[in-house]
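We name chains A, B, ... by the order of the sequence lines, and we start the count at 1 in each one.
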Amino acid sequence: MKRAAVIARREINVNVRRKAFILGVIGFPVLIGLSFLIPVLFIQEFSIPKEYKAGIVDHASILSRNVIELTEEIYSPFSDFTTQRKIVFVIYESEEEVRKALQKGEIDGYYIIPENFQSTFSIKKHTKGLFDADKKLELVIAMEFGDHAYRFAQGISFQEIGKKEKPLDFVVSMFIPLLLFMAIFTSSGYLMQGIIEEKESRVMEILLSSASPEEVFTGKFVGNAITGLIQASVWLGLAGLFSGFMLSVRLISSEIIMVSAIFFVLGYLLYSSLLAAIASISSSLKEAQQATSVIVFIGLFPAIFLSQITSLNPESPAIKAFSLFPLTSPALMPAIYSAGSAGLIDIATSAAILALTSYLTLKLSGKIFKYYALVYSKPKLREVVSLINPKSGSDR
Amino acid sequence: MRVAVNAAGISKTFGNFTLNSITFECHRGEVFGILGPNGAGKTTTLRIIAGLVRPDSGKISVFGRDPERMRDYIGYLPEERGLYRKWKVSDVLYYFAELKGGANTEYWIERFGMEKHENKKIEELSKGLQQKVQLIIAVQHNPDLLILDEPFSGLDAVNINLVMEIVKEMREKRRCIILSTHILNLAERLCDRVLLINNGREVLSGRVDELSDEEVQEIEYRKNGRIIKEITDRDLKDLLNSGYDIISYRKRKLTLEEIFLREVSR
């Protein structure tokens with residue numbers, strides 16, 4: 001396998017020096033990032049609710065009214081756009097009562113003013129979604145205290161007790177599986193392109209006189225997988241920088257990275273095997289690309305609708321089927337998992353089906369490569385299909 | 001082991017073409033030519049010897065073993081030339097040298113006069129120079145068996161001479177060289193033995209000096225103001241009596257080309 005290592009090293013060297021690779025590594029995540037970020041910012045800007053209703057449990061008996069209504073103006077940092085929002089505070093008797101109200105959707109969040117508020121100036125809060133009413137509550141409390149308003153306005157601390165969803169968490173969660181999926185496609189694409197170029201330029205004949213078909217295939221396979229990993233690592237690094245420093249959003253969990261990595265490796269095996277087989281029986285890059293476009297479309301189908309996945313019901317038969325189908329599971333399963341809608345059994349089942357399919361495809365692809373690497377004419381479909389038979393020889 | 005290649009009744013079918021039960025043996029210290037018209041099956045035979053293609057039936061061995069296991073001992077120049085066009089000459093040579101497990105690349109660069117072109121990209125080279133790069137790939141690891149498929153195509157007279165010199169040198173070093181060429185006068189000068197194939201079948205084989213042992217009469221005469229040269233088996237007296245204006249007459253051995261044409265047209 002020394003020769004396979006030499007070929008793998010050569011594949012990596014050639015790929016990482018490609019202009020397309022360098023541009024793709026830097027440009028693609030930026031493009032994807034913007035395509036996610038811009039709609040999110042617009043959603044933030046234009047979907048500001050007209051009314052925000054918060055419950056208050058006032059253990060310190062500060063507030064004199066049971067319902068308090070205020071309005072506020074919201075300025076957009078991105079345009080001259082301004083909107084008005086009504087804020088309604090409703091007093092509840094107990095914490096249990098206010099929690100139930102939140103669960104029922106009667107309120108958007110709640111605040112608990114503790115008995116010792118006047119000594120701690122601290123309020124617990126449970127908010128949902130992107131908005132809260134902290135500043136307005138400060139104002140209401142300050143108004144109740146008249147001349148002492150400034151003390152509270154300056155010094156109240158709010159402690160979140162609910163799990164507040166950060167606006168861009170889900171974007172990052174979707175972003176990573178999509179990037180890894182794109183890495184699968186680009187590295188599989190390099191593998192296909194390499195085989196075609198070597199067939200077209202007739203270098204394949206010299207190559208196969210220097211190394212066995214198995215060594216050539218293995219070398220190319222491993223080399224391109226490493227290229228994909230390099231690409232994915234750079235992309236993950238950039239995603240980390242982007243989310244950590246620029247958006248102050250926590251990087252996705254190690255579990256999501258692990259699940260994504262498993263599906264990346266298995267997905268690469270499957271797609272590379274398929275594309276290598278297509279390259280082996282094609283006589284030109286154009287011909288191979290035409291054949292590949294169908295596979296790429298099927299694979300990308302769920303990815304196109306990735307941002308919709310959180311709003312779709314992951315339990316629906318369609319989503320279940322796509323998450324088990326080997327061509328779509330590499331992109332879909334990590335996304336579903338990152339959206340918190342897949343358990344260990346779902347992951348294991350999907351990964352097992354994908355692994356088995358990848359193994360069988362890899363074996364068949366190796367056979368096709370060995371048989372057709374030096375055949376420059378278009379083979380008959382019947383001949384190719386006959387190779388699926390495990391008893392069929394792979395002698396050229 | 002004296003026998004370098006042993007092919008016993010090898011057959012191979014590709015679509016409509018069939019290579020039909022070819023048998024031959026090549027030895028160390030010998031240049032063996034596989035000759036035949038286009039589509040005769042020369043390249044298929046060479047690919048089988050190089051271990052690139054397996055025969056459907058028959059047996060092939062290189063130094064007594066399966067050719068697929070003898071890659072490091074075989075140097076191969078394919079008929080259809082191809083190289084990594086964007087790569088530098090030296091990168092291509094060292095890559096294939098590494099795949100062969102080491103080679104004397106510097107010596108061969110110098111031997112082929114390629115020092116000036118080492119750092120050029122393949123696409124910047126002329127066809128002849130690209131062919132030299134491919135020849136270096138084939139010989140740089142000093143193979144025991146050198147397979148050359150049409151080694152002279154695309155080369156000028158100087159480089160044809162260089163390749164012939166190298167082939168002869170390798171023969172002196174007890175290497176076995178198998179080549180196919182359509183330039184039959186070169187094959188005649190270079191090969192010790194030849195195998196002539198046509199339509200996938202063996203037509204003739206043997207030592208070049210024995211094949212061309214047959215003596216013929218060549219006459220040159222003037223007829224209706226035109227000079228005609230032909231080989232004839234008629235007696236010289238008959239020719240003189242029949243009123244031909246004979247310019248020259250000589251007895252000589254048949255050339256390989258004439259044997260080739262005669263056998264192929266049968």
Side-chain angles (χ1 to χ4, degrees), chain A residues 1-21 193-216 218-220 223 283 367 369-380 382-383 392-396, chain B residues 12 14-17 43-44 46-57 66-87 91-103 122-123 130 133-138 140-141 143 145-147 149:
Chain A
M1 281 290 123
K2 195 184 152 206
R3 293 190 192 95
V6 173
I7 294 167
R9 209 170 55 230
R10 180 257 168 196
E11 291 290 315
I12 299 165
N13 272 336
V14 169
N15 285 339
V16 298
R17 284 178 194 172
R18 283 176 200 260
K19 277 178 196 155
F21 177 85
Q193 201 179 335
I195 292 173
I196 290 279
E197 278 171 4
E198 280 165 354
K199 270 190 83 174
E200 268 185 323
S201 67
R202 305 294 196 256
V203 181
M204 191 61 88
E205 207 160 335
I206 306 180
L207 200 57
L208 287 173
S209 72
S210 308
S212 70
E214 291 82 3
E215 287 167 333
V216 173
T218 309
K220 288 184 164 296
S283 52
K367 233 173 169 183
F369 176 80
K370 193 174 175 183
Y371 199 92
Y372 289 105
L374 292 179
V375 176
Y376 303 117
S377 58
K378 209 173 181 176
K380 287 177 184 154
R382 188 163 39 87
E383 283 172 16
S392 73
S394 56
D395 292 341
R396 291 136 292 143
Chain B
K12 181 80 191 173
F14 279 126
N16 296 327
F17 171 78
T43 296
T44 303
L46 293 181
R47 280 182 174 185
I48 290 172
I49 301 168
L52 295 171
V53 175
R54 270 187 184 278
D56 296 335
S57 61
D66 183 344
E68 282 198 29
R69 295 178 171 274
M70 300 300 285
R71 282 192 177 86
D72 287 350
Y73 301 91
I74 301 174
Y76 177 60
L77 175 78
E79 182 190 16
E80 301 209 57
R81 316 280 193 250
L83 288 166
Y84 298 109
R85 295 180 56 77
K86 302 279 174 195
W87 284 30
D91 290 343
V92 172
L93 293 175
Y94 287 110
Y95 173 54
F96 284 106
E98 205 179 348
L99 282 177
K100 289 284 189 187
I122 296 290
E123 63 187 359
Q130 287 186 26
V133 174
Q134 287 184 313
L135 277 160
I136 297 175
I137 292 170
Q140 64 177 341
H141 60 293
L145 170 63
L146 180 61
I147 301 167
D149 199 351

Discussion item. Would you say that A:Ile206 contacts B:Tyr84 through its side chain, given a criterion of any heavy-atom pair below 4.5 Å between the two side chains?
Written reply: no
Discussion item. Do B:Glu79 and A:Glu205 have side chains that approach each other closer than 4.5 Å (heavy atoms only, starting at C-beta)?
Written reply: no
Item to complete: Considering only heavy atoms and a distance below 4.5 Å, find which of B:Gly82, B:Gly75, B:Gly101, B:Ala50 pairs most often with chain A.
Response: B:Gly82
Discussion item. Tell me which of these, A:Val203, A:Val14, A:Leu207, has more heavy-atom pairs under 4.5 Å with chain B than the rest.
Written reply: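 Result: the option with the highest number of such pairs is A:Val203.
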Fill in: Gap separating the CD1 atom of B:Ile49 from the OG atom of A:Ser209, nearest 0.5 angstrom
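Between B:Ile49 CD1 and A:Ser209 OG, I get 13.5 Å after rounding to 0.5 Å.
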Discussion item. Rounded at 0.5 Å granularity, tell me how far CD in B:Glu68 sits from CD in A:Glu214.
Written reply: 7.5 Å
Identify every side-chain donor-acceptor pair in residues 1-12 of chain A under 3.5 Å, counting partners at least two apart or on other chains, and give the distances.
| unit_1 | atom_1 | unit_2 | atom_2 | d |
| --- | --- | --- | --- | --- |
| A:Arg3 | NE | A:Ser210 | O | 3.1 |
| A:Arg3 | NE | B:Leu99 | O | 3.0 |
| A:Arg3 | NH1 | A:Glu215 | OE1 | 3.4 |
| A:Arg3 | NH1 | A:Glu215 | OE2 | 3.3 |
| A:Arg3 | NH2 | B:Asp72 | OD1 | 2.6 |
| A:Arg3 | NH2 | B:Asp72 | OD2 | 3.0 |
| A:Arg9 | NH2 | B:Glu98 | OE1 | 3.1 |
| A:Arg9 | NH2 | B:Glu98 | OE2 | 2.4 |
| A:Arg10 | NH1 | A:Glu198 | OE2 | 3.2 |
| A:Glu11 | OE1 | A:Asn224 | ND2 | 3.1 |
| A:Glu11 | OE2 | A:Lys220 | NZ | 2.8 |

Discussion item. Does A:Phe21, at its CZ atom, have more than 12 non-hydrogen atoms belonging to other residues, nucleotides or ligands within less than 6.0 Å?
Written reply: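 Enclosed.
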Worksheet item: Do other residues, nucleotides or ligands put more than 12 heavy atoms under 6.0 Å from the CZ atom of B:Arg69?
Response: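 Check fails, neighbour count at 12 or below.
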Fill in: With B:Arg85 via side-chain hydrogen bond (donor to acceptor under 3.5 Å, both in side chains) - residues at least two apart
none
Worksheet item: Can you tell me if B:Arg71 uses its side chain to pair, donor with acceptor, with the backbone of A:Leu208 under 3.5 Å?
Response: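 Yes, the answer is positive, given that a donor and an acceptor are paired below the 3.5 Å cut-off.
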